[in-house]
Protein chains: 2
Amino acid sequence: MPDPIDGVFAALADPTRRAILARLATGDATAGELAADFPISAQAVSKHLNVLETAGLIVRTREAQRRWCRIVPAQVRSVADWASQYERLWEERYDALDDYLGRLQQQQPKPQEEP
Amino acid sequence: MPDPIDGVFAALADPTRRAILARLATGDATAGELAADFPISAQAVSKHLNVLETAGLIVRTREAQRRWCRIVPAQVRSVADWASQYERLWEERYDALDDYLGRLQQQQPKPQEEP
DNA sequence: CGTATTCTCAACCTATCAGTTTATAAGCCA
DNA sequence: TGGCTTATAAACTGATAGGTTGAGAATACG
């Protein structure tokens, strides 16, 4: 039973799919409208839509020959929810610590102290 | 010039790598310590660490034979930042709208009205 | 009916990925 | 020095991803 977030992150790893999502955030669109925005074939876009739908990031409905695509806010939110697990890491004094460690990257192997 | 967020999402698509990150969120660890937590070879874990490092999600430093791994909060935060672009979608009345549309998924193809 | 429009399915190609096993590098210690 | 520990590199394998082309399904319209 694979974690559904696997598919969400995998879907978002492709820039075309993120662009499709960004477009859908401004309103529903048909597969054809979306395909027109990209320099790849309509079939390739259709496959991207399949990936997004399987990940739960969009839903598709039929209207005559057209397929309307709609973003699923709840699933986009699951990414924010995942990231929020780590929120404490970049809050408060962690900002400064992170900057410091970033600069010292390849030296000073001393492990970090626990908060 | 690929968007660096590509690599971040791709790295997070693997459950082993997310587990490694979760472990590192509790404190630094060596490659060996991390490898002990998973039912795959140490070499496979090392490759996962390469992916995480290339994505900028961790940094590695040397100490004698050991390699310490440390999470990079700023890069984890980039995921939260990406998701926050869509925050308005799941706020306020959008929650209710989303639920409604979810239930009606395969019918009523009428496109959504713009907010 | 026949045709045009819209979209997906199927087959194929190449590249990349996650894992393995084998071999090697780097540093401690006796 | 030689051996032990820790970790990576390299080469291989099977599976999956993203793209293509070609064909076909579904629906509107003349």
- Query: How close or far is atom P of C/dT6 from atom CD of A/E33, stated in whole angstroms?
  - Reply: 10 Å

- Any donor-acceptor pair under 3.5 Å linking the side chain of B/Q75 with the backbone of B/V8? no

- Take atom CZ of B/R66 and atom C1' of C/dA26, then tell me their distance rounded to the nearest Å. 13 Å

- Task: Give, ordered by number, those residues of residues 8-19 of chain B having at least one heavy-atom distance below 4.0 Å to an atom of DNA chain D; if nothing qualifies, reply none.
- Result: none

- Task: Please name all residues satisfying salt bridge (Lys or Arg N to Asp or Glu O under 4.0 Å) with B/R66, sequence neighbours left out, ordered by chain then number.
- Result: B/E63

- Message: Could you work out, with salt bridge (Lys or Arg N to Asp or Glu O under 4.0 Å) as the rule, every residue matching A/R18, not counting sequence neighbours?
- Response: B/D3, B/D6

- Message: Output the rounded distance in Å from CG (A/N50) to C1' (C/dT8).
- Response: 8 Å

Identify all side-chain donor-acceptor contacts of residues 42-51 of chain B below 3.5 Å with residues at least two apart in sequence or on another chain.
residue: B/H48; atom: ND1; partner: B/R17; partner atom: NH1; Å: 3.1
residue: B/N50; atom: OD1; partner: B/R60; partner atom: NH2; Å: 2.4

- Item | Gap between atoms CG and C1', on A/L49 and D/dA17 respectively (whole Å) | 16 Å

- Query: Between atom NZ in A/K47 and atom P in D/dT20, what is the gap in whole Å?
  - Reply: 9 Å

- Item | Contacting residues from residues 35-45 of chain A, given that a heavy atom lies under 4.0 angstrom of DNA chain D | A/I40, A/S41, A/Q43, A/A44

- Does D/dA7 have OP1 or OP2 sitting under 4.0 Å from an N or O in the side chain of B/T30? yes

- Taking only residues two or more places apart in sequence or in another chain, which ones pass side-chain hydrogen bond (donor to acceptor under 3.5 Å, both in side chains) with A/R23? A/T26

- Message: Testing B/L12, B/V72, B/I71 one by one against B/L57 for a side-chain contact (heavy atoms from CB on, under 4.5 Å), which residue passes?
- Response: B/L12

- Query: Which is it for B/L24 and B/L52 under the side-chain contact (heavy atoms from CB on, under 4.5 Å) test, yes or no, and what are the steps along the way?
  - Reply: CA-CA 12 Å; B/L24 292 178; B/L52 288 168; 5.6 Å; no

- Note on the structure: Between the CD1 atom in B/I20 and the CD1 atom in B/I58, the distance rounded to the nearest 0.5 Å is 7.5 Å

- Query: When the distance from CZ of B/R60 to P of D/dT6 is rounded to whole Å, what number comes out?
  - Reply: 17 Å

- Note on the structure: So ring-ring contact (aromatic ring centres under 6.0 Å, His included) across residues 69-88 of chain B, not counting sequence neighbours, yields B/F9-B/W82, B/W82-B/Y86

Do any N or O atoms of the protein come closer than 3.5 Å to N or O atoms of nucleotides 25-29 of chain D, and which pairs are they?
residue: D/dT27; atom: O2; partner: A/Q65; partner atom: NE2; Å: 3.3

- Message: When you measure from the side chain of A/E33 to the backbone of A/T30, do you find a donor-acceptor pair of N or O atoms at a distance under 3.5 Å?
- Response: yes

- Task: Compare the minimum distances between each of C/dA18, D/dA7, C/dC7 and the side chain of B/H48, then state the nucleotide with the smallest one.
- Result: C/dA18

- Message: Under the rule for salt bridge (Lys or Arg N to Asp or Glu O under 4.0 Å), what residues qualify as partners of A/D37, not counting sequence neighbours?
- Response: none

